[in-house]
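Pasting a structure here, questions to come.
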2 protein chains.
Amino acid sequence: MLKYQLIANDIEKYIVTHELQQGDKLPVLETLMSQFAVSKSTIIKSLDLLERKGIVYQVRGSGIFVRRHRRKGYISLLSNQGFKKDLEEFQLASEVLMLDTIKPSEEAALNLNIEQEEDVFYLKRIRYINGQTLCLEESYYRKTIIPYLNTEIAADSVFKFISEALGLKVGFSDMYLQVGKLNKTEAAHLGLKQDDPALRVETVFHLTNGQPFDFSKITYNYMQSQFFIQANNYYG
Amino acid sequence: MLKYQLIANDIEKYIVTHELQQGDKLPVLETLMSQFAVSKSTIIKSLDLLERKGIVYQVRGSGIFVRRHRRKGYISLLSNQGFKKDLEEFQLASEVLMLDTIKPSEEAALNLNIEQEEDVFYLKRIRYINGQTLCLEESYYRKTIIPYLNTEIAADSVFKFISEALGLKVGFSDMYLQVGKLNKTEAAHLGLKQDDPALRVETVFHLTNGQPFDFSKITYNYMQSQFFIQANNYYG
DNA sequence: GAGTGGTCTAGACCACGAA
DNA sequence: TCGTGGTCTAGACCACTCC
């Protein structure tokens, strides 16, 4: 692991274990430099990483401060799948409804940027949070990239398997959100009523080399859907 | 403006004007270095910025590639308010329902991290997109930070005013999303029916120095709510 | 003006991808 | 093996904040 990542992890742990709150000041750059015995650029790189993760903010001429939102019970939309693992505060479980090798739908092929002849894994499952239905999920994984899957993996975490067992790295994703009404079968799966509100999220996941490998369509139970996004303004 | 920002802008313009598509390769680092006559670190910093903005992705040992999603008609959730200005593809307008100086509600004071005695601007408006109702918005601005507002500004863009006229810089924001059902008055404002689906987004906006200055509550018309988020995986 | 974060450089060396 | 992007350094200089 790289120096700046290790340092970032150390600082993050420090913030968590010392229960620092929003606005608390971290040591100045020079202190951090000598403490970790690295150059200024490296420390700055660590802090930039933490800034992108939404853990600190840096103010020129003033200092480095902790960023920490106060609300509990919100799921981070960007840490939801693949990214991050701090969902430990929630009890997550999955029920696999179907796992099969198929030819993708036109929609899935389009989003994965592949031919309809190429084999994909189709996975359909219900995910539970704290004993309640959280969402209904349909995913399409390219078999050329993820050659193996089984229901045990699908019931646990496909992304964990992809990164730990296959050694693949998730790079970026495009997410499309829409709000609508549940149809009859969705409602039945989620334990809700037809025409109840539904949050639908379609995501195309890419590896670090830019290859799309997973297209997923999720319909969330609106009763359990409290999401959180930390945004940074890079556009100034 | 800084070198790395200027270079980033140049590269972004190049991508747009040459209509480069997802996966198209940019010149190699060395070429860019000599072309812009700067050091390697500066070019890398420019490209990192473009990566965070979701415009390129970099693959070690391979090259720098354009990132561009294909779907049209989606509003970027992170460029929505304050951030970015590429909503030009949409026709936006606002109708101001109320603009007044008040003492904040307990909820607003809590989110802005101020006392309930402190004066705030309360702004309520309906926003339209391509002639349709997009959302109903309630915002609370700290008067100590934004001392002046009028209905002309509110009908145009408060964030534009804040940055251009007041010279303030927006740093980061915390967004909370929830899905629910419209109540009667919301439905009336949006031209929908009671109990129709609603996407509610609460956002706390901070200046670059960490001060919260705006708390806003938005209820979106589900018929017009197609959102897009570009995510990067910093958690690997 | 002192303190603090940010930019920029030149160059050595490292790590990954593709052929 | 070579091309290419990434890390890391030491140090000069700049820009903002706060007293």
Side-chain angles (χ1 to χ4, degrees), chain A residues 1-9 11 23-52 56-67 145 163 166-172 206-211 232-234 236, chain B residues 1-9 11 23-52 56-67 145 167-172 206-211 232-234 236:
Chain A
M1 207 173 201
L2 298 164
K3 269 192 190 179
Y4 79 89
Q5 292 175 326
L6 291 168
I7 294 170
N9 288 347
I11 297 175
D24 285 357
K25 195 169 185 297
L26 291 179
V28 301
L29 275 186
E30 208 173 346
T31 310
L32 293 171
M33 279 169 67
S34 61
Q35 192 173 317
F36 290 103
V38 292
S39 72
K40 191 175 180 179
S41 319
T42 304
I43 287 290
I44 288 187
K45 192 134 204 222
S46 303
L47 293 167
D48 281 350
L49 180 57
L50 291 175
E51 191 165 48
R52 274 176 278 166
V56 305
Y57 60 93
Q58 303 174 71
V59 185
R60 204 210 280 261
S62 177
I64 304 148
F65 303 91
V66 173
R67 178 175 172 193
I145 299 175
S163 64
L166 299 180
L168 298 172
K169 281 179 191 157
V170 181
F172 57 91
H206 305 254
L207 298 177
T208 44
N209 68 7
Q211 272 194 303
N232 288 298
N233 182 12
Y234 302 123
Chain B
M1 206 174 204
L2 297 164
K3 268 192 190 178
Y4 79 91
Q5 292 175 328
L6 290 168
I7 294 170
N9 288 347
I11 296 176
D24 285 357
K25 196 170 183 296
L26 292 179
V28 300
L29 277 185
E30 208 172 346
T31 310
L32 294 171
M33 280 169 66
S34 61
Q35 192 173 318
F36 291 103
V38 292
S39 75
K40 194 175 178 178
S41 318
T42 304
I43 287 291
I44 288 187
K45 191 133 205 225
S46 303
L47 293 167
D48 281 350
L49 179 58
L50 292 174
E51 192 165 48
R52 274 176 278 165
V56 305
Y57 60 94
Q58 303 175 71
V59 185
R60 206 210 281 259
S62 179
I64 304 147
F65 304 91
V66 172
R67 178 174 173 194
I145 300 176
L168 298 173
K169 281 179 191 159
V170 180
F172 56 91
H206 306 253
L207 297 177
T208 44
N209 69 6
Q211 274 193 302
N232 287 298
N233 183 11
Y234 302 123

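Naming convention: chains lettered A, B, ... in sequence-line order (proteins, then strands); numbering from 1 in each chain. Basis for what follows: all heavy atoms, side chains included, without hydrogens, waters or symmetry-related copies.
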- [ ] Take atom OH of A/Y4 and atom P of C/dC14, then tell me their distance rounded to the nearest Å.
- [x] 17 Å
Open item on the list: I want to verify a distance call: between C/dT7, D/dA10, D/dG6, whose nearest atom is closest to the B/I44 side chain?
Closed with: D/dG6
Open item on the list: Heavy atoms only, 4.0 Å cut-off, all strands: where does A/I64 land among base, sugar-phosphate and nothing?
Closed with: sugar-phosphate
Open item on the list: Any heavy-atom pair between the side chains of A/L32 and A/I7 that's under 4.5 Å?
Closed with: no
Task: Base D/dG11 to side chain A/K40, donor-acceptor N/O within 3.5 Å cut-off - done: no
Task: Side-chain N or O of A/T42 closer than 4.0 Å to phosphate OP1/OP2 of D/dT9 - done: yes
- [ ] Just say parallel, tilted or perpendicular for the rings of A/F172 and B/Y57, cut-offs at 30° and 60°.
- [x] tilted
Open item on the list: Of the listed nucleotides (C/dT4, C/dG6, C/dA15), which one gets closest to any side-chain atom of B/R60?
Closed with: C/dA15
TODO: Measure from CG on B/L50 to C1' on D/dG5 and round the result to the nearest Å.
DONE: 15 Å
Task: Rounded interatomic separation in angstrom, taking CG from A/L49 and P from C/dG6 - done: 14 Å
Task: Toward the 5' end of DNA chain D, by each residue's nearest nucleotide, B/Q58 or B/G61 - done: B/G61
- [ ] Report the distance from atom CD of A/Q5 to atom C1' of D/dG6, rounded to the nearest whole Å.
- [x] 11 Å
Open item on the list: Show me the pairs that pass side-chain hydrogen bond (donor to acceptor under 3.5 Å, both in side chains) and involve residues 28-44 of chain A, at least two apart or across chains.
Closed with: A/S39-A/T42
Task: Residue A/K45, side-chain heavy atoms: nucleotide from C/dC8, D/dT7, C/dG5 that is nearest - done: D/dT7
TODO: Check whether any side-chain heavy atom of A/N232 lies under 4.5 Å from a side-chain heavy atom of A/R67, and answer yes or no.
DONE: yes
- [ ] Starting from the 5' end of DNA chain C, give me the residue, B/V38 or A/E30, whose nearest nucleotide shows up first.
- [x] A/E30
Open item on the list: Nearest whole Å is fine: how far is C/dA10 P from B/I43 CD1?
Closed with: 12 Å
Open item on the list: Any side-chain N or O of B/S62 below 4.0 angstrom from OP1/OP2 of C/dG17?
Closed with: no
TODO: Find the distance B/E51:CD to D/dG5:P and express it as a whole number of Å.
DONE: 12 Å
- [ ] Measure from CG on A/N209 to P on D/dT4 and round the result to the nearest Å.
- [x] 17 Å
Open item on the list: Nearest to the side chain of B/K3, heavy atoms from C-beta on, is which of C/dC8, D/dG6, D/dT9?
Closed with: C/dC8
Open item on the list: I'd like to check A/L49 versus A/R52 (side-chain heavy atoms, cut-off strictly below 4.5 Å). Are they in contact?
Closed with: yes
Open item on the list: Nearest whole Å is fine: how far is C/dG17 C1' from B/L29 CG?
Closed with: 15 Å
